[in-house]
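Have a look at this one.
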Amino acid sequence: MVRTCCVVGCNVRSHDREGKKLDNGLSFHRFPSWRQREGSHVSDITKQRRQAWIAAVRRADIEFRAIPSFLLVCSRHFLSGKPAYEMDVTNPDWAPTLHMGHDDKPVSDSERHARRTQRKRKRAPIAGNPPPSKNILNLEVDVPAANVDSGDGSDSVTEAEGQTKDCVYSQQGRAEINRLLEENRLLRAQLQKTELNETFLKDNTEKVSYYTGLHCYAVLMSLFNTVKDFLPISKTLRGFQMLLLTLMRLRLDLPVQHLRHLFDVSHKTLSSVFTDTINVLYARLGALVHWPERHCLQATMPPQFTETFGNRVAIIVDCFEIRTESLKARAQTYSHYKGTHTIKYLIGITPHGAISFISRGWGGRASDKHITERCGILQRLLPGDVVLADRGFDIRDAVGMMCAEVKIPAFTKGYCQLDARDVEQTRATAHLRIHVERVIGSLRNTFKMLHTTMPIRLLLSCEAEDTTFLDKIVKVCCVFVNMCCSKPGPNDTCSC
C-alpha cells in the first residue's frame, strides 16, 4: 500500500510510480488518538497533542473528530526522525515542527527541553541530602537537590519552582496509582469470593454440602479429577464449572434462568453443558451402583440382620415415583397411588445401606410385582438369598424360582392373630426394611430435582441407547448417594 505525507508541499512517498518500495529510510506516522477512557490526565494530554498536530499541519480538510487513517505525517517533520512519547510534552517532537509548508514557524521548545534534561541529570543525590523515598511500587520519588547551579538569578528561581512542582505532581500521581492498585486488589479479592469456581468452595464444607450434596471438598475434587478428562470443551465454562453447574441443578433444582445468570451463559449452552456432563457422569461412574459379591455382603453384614436372618440377606427392595408431564399413553403413566402421572423406579440396597440396584423407569401404572419380574433383579439372586420387601411385593413365586426367599411383613391388622414367633419376625422385617425408605428419602431430599415434574423430553430414549435421560439422572443421583453413604455425623470429622 502506497503511503504519502499529508503535509502541504511535502512530496514524500513510500513507493515510486511503478509500485516499488523506496529505500529512503523514512517512516510515516498517524495522527495521535484522543484516549478518553484512561483518566482525565491522559485524556487532556492526548486531546492537546491531537490538536497540536492538526494546528501544525494546517489543512482545512482535517477535522478533530474525523481524521482518515490514510492521512500520515512523515519522519522529515521531526527533529529526531520520529514522534516523541506522548507524555513528554516539552519535547520538540511532541508535534511535527520541521518543513511544515507555511511561513509562520512555531516557537521551538528545544531549548526548554534541553534545560529540563540537564536539570534531571543534575538531580543526583548529594552528600548530606536524604535518600529518595519509595512507595509500594518501588518507584523512586526524586528529592530536589539543594545546591544546583542554575545560571543567573531569575532562571534559578524559575527552575527551583519548576523542580518543586514536578516533585509534587510526581508524588501525587504515584499516590493515586498506589490507591488505584490497592482498590483493584480489593475488588479482585471480592470477585474471587463470589465467582463460582474451586476457590468459592475450597475449605468450606458447609458450602460444598449445600451446593453439591457431597459432604466435603476432597470428595468433590476427587469426583472432578475422575471425570475432567472426559468433559467436553466449552468456550464459556471451565471443566469444574460444568460439573458444579450440573451438581447445583440436581441438588437445588434451581430455575434455568437463575443458573444462566449465575454462570453468565445462554440457555442453549446451559442445556448442552448439563446434558453432556450427565452423560459423562453416567458413563464413568455408573459402575458405583453395583451388586456386591456374596462374601462381601456377608463380611459387612450388620449385627441386627445377622440376629434375625443370619448372613443371608442380599437386598432390600422398594419402589419410588417421580412426577412427569402428561403423555399420550396416559393410561401407562397414571399412578393411582400418587393421583398423577409418574415414572416408577425399583431400588435395592444392601444391608449396609448402599444402593446396589436401580431399575430403568416404568410407567406409574405398573405394579411392584410387574417391575420386579421384568427389571432384571431376580437374575442376580443366588440360591439361599433373602430379599426384604414391603407387602405390595407379591413376588414369592418369582423369587422362589431362583431358589431364594422373600420376607415381607405379615398381612394382618394386629399381631394377636399370629403366634409369638411370627410376631417377632414381622416386627424385625418391618424394622429392617425401613432402611430402604430412609435411603429413598435421602436420595430425593438431597437432589431436589427428583421432586419436580419432569418434562416429556427427558422420558425419550437417548440416541442409539435403550435408556432415557431421566434414567441417567436417577442413576447419577444414586451414585452420589453411594459416595456419601458414610456421611459423618454433626459431631464427627470428615475422614477424607
Side-chain angles (χ1 to χ4, degrees), residues 1-16 21-36 38-123 142 148 150-152 154-167 169-170 173:
M1 179 180 178
V2 179
R3 298 181 178 181
T4 59
C5 182
C6 69
V7 175
V8 177
C10 184
N11 298 322
V12 172
R13 297 168 55 91
S14 61
H15 297 69
D16 59 17
K21 187 174 182 180
L22 299 174
D23 188 14
N24 51 17
L26 298 179
S27 56
F28 296 84
H29 308 277
R30 293 182 178 181
F31 281 74
S33 60
W34 179 23
R35 304 207 299 274
Q36 307 177 54
E38 299 182 20
S40 58
H41 182 62
V42 175
S43 176
D44 292 341
I45 290 181
T46 53
K47 181 179 181 180
Q48 293 173 10
R49 192 184 193 196
R50 186 176 177 92
Q51 292 173 339
W53 278 52
I54 295 174
V57 174
R58 289 193 186 182
R59 282 184 49 164
D61 58 340
I62 297 180
E63 299 180 358
F64 178 84
R65 294 189 175 276
I67 301 179
S69 59
F70 61 84
L71 292 181
L72 307 172
V73 178
C74 71
S75 56
R76 291 182 62 249
H77 306 287
F78 301 94
L79 293 174
S80 62
K82 62 180 181 179
Y85 175 53
E86 62 185 9
M87 295 301 170
D88 192 4
V89 294
T90 61
N91 194 309
D93 285 336
W94 193 64
T97 56
L98 298 178
H99 316 296
M100 300 310 296
H102 44 75
D103 296 335
D104 298 334
K105 296 183 178 179
V107 178
S108 174
D109 291 331
S110 58
E111 294 181 1
R112 181 183 174 191
H113 179 68
R115 288 197 303 270
R116 181 184 177 90
T117 304
Q118 186 178 10
R119 287 197 302 269
K120 288 183 178 180
R121 291 176 180 175
K122 291 180 179 180
R123 282 182 202 160
D142 297 331
V148 178
S150 50
D152 60 302
S154 60
D155 193 34
S156 175
V157 173
T158 303
E159 290 186 4
E161 291 178 353
Q163 292 176 4
T164 303
K165 290 181 179 179
D166 290 344
C167 185
Y169 292 154
S170 178

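Start at 1 with the first residue, then count along the sequence.
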- [ ] For Phe28 and Cys5, work out which heavy atoms get closest and say how close.
- [x]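 Heavy-atom minimum between the residues: CE2-N, 3.8 Å.
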TODO: Apply side-chain contact (heavy atoms from CB on, under 4.5 Å) to Arg13 and Val2, showing your working.
DONE: CA-CA 7 Å; Arg13 297 168 55 91; Val2 179; 3.6 Å; yes
Task: Lys/Arg cation over aromatic Phe64: Arg50, 6.0 Å, 45° cone - done: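 Pair Arg50/Phe64 counts as cation-pi.
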Open item on the list: Let me confirm one number: the CD-OG distance from Gln36 to Ser33, rounded to the nearest 0.5 Å.
Closed with: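 Answer for the CD-OG pair, Gln36 versus Ser33, is 10.0 Å.
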Task: Trp94 ring center near Tyr85 ring center (under 6.0 Å) - done: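 No, they do not, as the ring centres are separated by 6.0 Å or more.
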Task: Neighbour count >12 (heavy atoms, 6.0 Å) for atom CG, Asn11 - done: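 Open.
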Task: From CD1 (Ile67) to CH2 (Trp34), nearest 0.5 Å - done: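 It comes to 12.0 Å.
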Task: Residue pair Phe70 / Thr4, side-chain heavy-atom distance below 4.5 Å - done: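 In short, these two side chains do not touch, never coming nearer than 4.5 Å.
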TODO: With side-chain contact (heavy atoms from CB on, under 4.5 Å) as the test, would you mind laying out the steps for Ser69 and Arg30 before giving the verdict?
DONE: CA-CA 7 Å; Ser69 59; Arg30 293 182 178 181; 4.2 Å; yes
- [ ] Report yes if the side chains of Arg35 and Glu86 come closer than 4.5 Å at any heavy-atom pair, otherwise no.
- [x]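 SC-SC contact between Arg35 and Glu86 confirmed.
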TODO: Evaluate whether atom NE2 of His15 has more than 12 neighbouring non-hydrogen atoms of other residues, nucleotides or ligands under 6.0 angstrom away.
DONE: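 Atom NE2 in His15 is crowded, with more than 12 foreign heavy atoms closer than 6.0 Å.
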Tabulate below the donor-acceptor pairs under 3.5 Å that side-chain atoms of residues 71-84 make, not counting sequence neighbours, or state none.
unit_1 : atom_1 : unit_2 : atom_2 : d
Ser75  : OG     : Ser27  : N      : 3.2
His77  : ND1    : Leu98  : O      : 2.7
His77  : ND1    : His99  : O      : 3.1
Ser80  : OG     : Lys82  : O      : 3.1
Ser80  : OG     : Asp93  : OD2    : 2.5

Task: Between OG on residue Ser14 and CG on residue Asp23, distance to nearest 0.5 Å - done: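 Reported value, rounded in 0.5 Å steps: 12.5 Å.
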Open item on the list: What's the separation between atom CG in Leu26 and atom CZ in Arg3, rounded to the nearest 0.5 Å?
Closed with: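 Those atoms lie 12.5 Å apart.
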- [ ] Indicate the atoms forming the closest heavy-atom contact of Val42 with Met87, along with that distance.
- [x]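 Closest approach of Val42 to Met87: CG2-CE, 3.7 Å.
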Task: side chain to side chain contact (heavy atoms under 4.5 Å, CB included), paired with Pro32, selected from Gln48, Lys47, Gln51, Arg49 - done: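 Going through Gln48, Lys47, Gln51, Arg49 one by one, the side chain to side chain contact (heavy atoms under 4.5 Å, CB included) with Pro32 is satisfied by Arg49 alone.
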Task: pair Val12-Leu22: side-chain heavy atoms closer than 4.5 Å - done: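 No, too far: nothing below the 4.5 Å cut-off.
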Open item on the list: Going by the rule salt bridge (Lys or Arg N to Asp or Glu O under 4.0 Å), which residues pair with Arg59 if we only count those two or more places apart in sequence or in a different chain?
Closed with: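 For Arg59 the salt bridge (Lys or Arg N to Asp or Glu O under 4.0 Å) partners, ignoring immediate neighbours, are Asp61.
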Task: Glu38, CD: over 12 other non-hydrogen atoms inside 6.0 angstrom - done: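 It does: Glu38 CD has more than 12 such atoms within range.
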